[in-house]
Amino acid sequence: MPSNTEAAEIFRGIADLLDVMGERFKPEAYRRAARSLESLTEDLSAVAARGELRSIPGVGEAIEEKLREYLASGKIAYYDRLRLEVPPGVAEMLAIPGLGPKTARRFWVELGIETPDELLAALTAGRLSGVKGFGEKKVAQIRSAVEGHRAGPAGARLPIEVAYPIAQALVQGLRERAGAEQIEVAGSFRRGRETVGDLDLLVTSVDPTRAFDVFSSLPEVREVRLRGATKETVLLTNGLQVDLRVVEPAAFGAALQYFTGSKDHNVIVRSLAKERGLRVNEYGVYRGDERLAGRTEEEVYAALGLAWIPPELREARGEVDLAAQGPLPPLVSESALRGDLHVHLAPDAEAASVEPLVTSARARGLAYLGLVAEGLDDHGRPFTLPSKTQERLRKAAGPKLRLHLVREVDVPSGPTSAGREVFDWTVLRPTSRAPNPPPASVGRAWSLAVVAHVGSRDPAGAEAARAWIQFARAVGTAVEVGPGPERLDSTWARSALETGLSLALPTGVEEPTGSPTGPIALRFARRAGAGPGQVRNADPHAPVSGGRKAAAD
DNA sequence: GCCGTTTTCGGCCCGACTGTTTTCAGTCG
């Protein structure tokens, strides 16, 4: 079964092989097409059926043809041919840090080394000593990199919810001890991508050396990879790579813009600058030698005639063209969230203290909570919130925080309509990975519902997600978006918004302060382009009082 | 191989860092 992901993988494979063959621009062209395919919300075959493959950024005549071939046969002959020319182990060597296409090619052509294993053997046998360009240090560096590569697949991307607390700890450490003034985590972390390959930290400081010293002595840091005048790269104990850059305040905005990316976004921004006789780099926007902007991102975009673009949208999906026409429509923000539609108390809620939940809800400025009063606990056992606990909660909440009772129902196996009068709304929880939603008529038995607990991180999950989004559309419910394998990510959020659905965002109100659920869910929604009007819990009124129209669809 | 209200040909981001070098090549982001 052809898939967008597989097509992207093939293109990346082609790019690697072309790299080794010494091609200059083709590899990047194939990689660009691969990135586009991955960010497509729609299935490739559907785009092909409409004859619109060429509308995908980076897809031209030649790549369109290869995509058609792939959809028809599952294969691309060009790729197979390249693989005959270049031994697969040579391309694999590109995955070794510090070893690029030029070096891999030299190993292959000049020394007959075709795999990482053969490279290690050659190093051990001393075959590289005396070879031009390979001094003692270089040999040691390559050896260490090859061994690291063999030990495990380094550089696996981390889910953002795993990276989030790490980033927070690093930022806090730097802020407290390094005398850093402005600190920001840039890169794909700031764009709110589902996974991050590394972290890019950016600080302003009058004393870069001190910042680097403090940074490399943080408990999370295992080793320093490199240190220059403006940049330090370290490896954390968990293997994550982190870059720290120190810039002067006058360039902070430009550096932040530059290192937030994405790559494709920056290419577009820079070529636009060129058209206008300007030049953009990480220090600022320049006309000749004159720096026009650099202190803030707003300033940088403005100097190019653009409105500021939220980081989550910087993915080269037309956002630059929009920003050239005027301010972008506002995205949902933390302060826009007025309630949480789906809050769980711990299963032993009878004993649990309810005050932290109420305090946390107030701190977040929430006006209402939809508390799951009946459903299944983490182990799938039926669970009812004791009425005593409900009472304690109501008392603690007071008049400003409204409590609503919510029922969480397994679909399609759970009950249908009984109990409507007791509960204010229903959370639909598809049974694990069920790709088979019930008919929409069943779903309409609820006055309002939120589809939650739909994951999408594997092919089976993706199929289920597609089906449940269709179901939600037919029923007129919102779908929950957020981090973790049990929620829809930003790509699915975009897909849901495109079909006219609204989103439900968890605020993380029931979790300890600083937990990543709320902020990440918000980033995913923003990444999908959601405005406040498209988020159900950005409505100041709980869905029961003002939102029955939502069920009408 | 892609792309185009200056181009259907001739561009394609560019600066930091390292190592091996005596002025630069390779890699990375």
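Protein chains get the first letters and strands the later ones, always in sequence-line order, with residue 1 at the start of each.
Of all nucleotides present, none satisfies the Watson-Crick or G-U wobble test against B:dT8 with each distance under 3.5 Å.
Between A:Ser205 atom OG and A:Arg245 atom CZ the span is 16.0 Å, to the nearest 0.5 Å. Summarising the geometry, atom CG belonging to A:Leu306 is positioned 5.5 Å from atom CG belonging to A:Leu272; distances are rounded to the nearest 0.5 Å.
In this structure, A:Lys274 reaches the B:dC12 phosphate: one of its side-chain N or O atoms is under 4.0 Å from OP1 or OP2. For B:dG29, the OP1/OP2 oxygens have a side-chain nitrogen or oxygen of A:Gln241 closer than 4.0 Å. Residue A:Tyr78 places at least one side-chain N or O under 4.0 Å from the OP1 or OP2 atom of B:dG1. The phosphate of B:dC17 has OP1 or OP2 within less than 4.0 Å of a side-chain N or O from A:Thr230. Between A:Lys138 and B:dG26 there is no side-chain N or O to OP1 or OP2 distance below 4.0 Å. OP1 or OP2 of B:dC14 has not a single side-chain nitrogen or oxygen of A:Tyr286 nearer than 4.0 Å. Contact between the side-chain N/O atoms of A:Thr103 and the OP1/OP2 oxygens of B:dT27 is found at a separation under 4.0 Å.
One P atom belongs to B:dG4, the other to B:dC13, and the distance between them is 14 Å to the nearest Å. As rounded to the nearest Å, B:dT5 and B:dG1 have C1' atoms that lie 24 Å from one another. Going from the C1' atom of B:dT8 to that of B:dC2 covers 12 Å, rounded to whole Å.
Using a 4.0 Å heavy-atom distance criterion, A:Glu136 is classed as a sugar-phosphate-only contact. When heavy atoms are screened at a 4.0 angstrom cut-off, A:Ala33 is found touching no nucleic acid atom at all. Among the heavy atoms of the strands, none lies under 4.0 Å from A:Glu23. Counting any heavy atom pair closer than 4.0 Å across all strands shown, A:Glu28 reaches no nucleic acid atom. Residue contacts for A:Tyr283: at a heavy-atom cut-off of 4.0 Å it reaches the sugar-phosphate backbone alone, with no base atom in range. Contacts of A:Arg227 with the nucleic acid, taken as non-hydrogen atoms under 4.0 Å apart, involve only primed sugar atoms and P, OP1 or OP2. Across all strands, A:Pro27 comes closer than 4.0 Å to no nucleic acid atom at all (heavy-atom distances). When heavy atoms are screened at a 4.0 angstrom cut-off, A:Lys102 is found touching the sugar-phosphate backbone but no base atom. At the heavy-atom level, A:Val59 lies under 4.0 Å from the strands shown only through sugar-phosphate atoms.
In summary, the side chains of A:Glu315 and A:His265 do not present any donor paired with an acceptor at a separation below 3.5 Å, with no hydrogens or angles considered. For the 3.5 Å distance criterion, the side chains of A:Glu248 and A:Tyr283 fail to qualify, holding no donor opposite an acceptor. For the residue pair A:Ser216 and A:Arg227, a side-chain donor N or O sits within less than 3.5 Å of a side-chain acceptor on the partner.
Remark: A:Glu194 does not engage A:Arg523 in a salt bridge, criterion side-chain N to carboxylate O under 4.0 Å.
Residues A:Glu184 and A:Phe259 fail the side-chain proximity criterion, which asks for heavy atoms closer than 4.5 Å.
Nearest-nucleotide mapping onto DNA chain B: of A:Val280 and A:Ala104, the residue sitting toward the 5' end is A:Val280. When each of A:Glu232 and A:Arg54 is assigned the nucleotide of DNA chain B bearing its nearest heavy atom, the one mapping closer to the 5' terminus is A:Arg54.
Listed by residue number, the members of residues 263-273 of chain A with any heavy atom below 4.0 angstrom from DNA chain B are A:Lys263, A:Val267, A:Arg270.
Under a 3.5 Å cut-off, the side chain of A:Arg222 and the backbone N or O of A:Leu235 do not form any donor-acceptor pair.
By the 5.5 angstrom centroid cut-off and the 30-degree plane limit, A:Phe25 is classified as stacked against the base of B:dC12.
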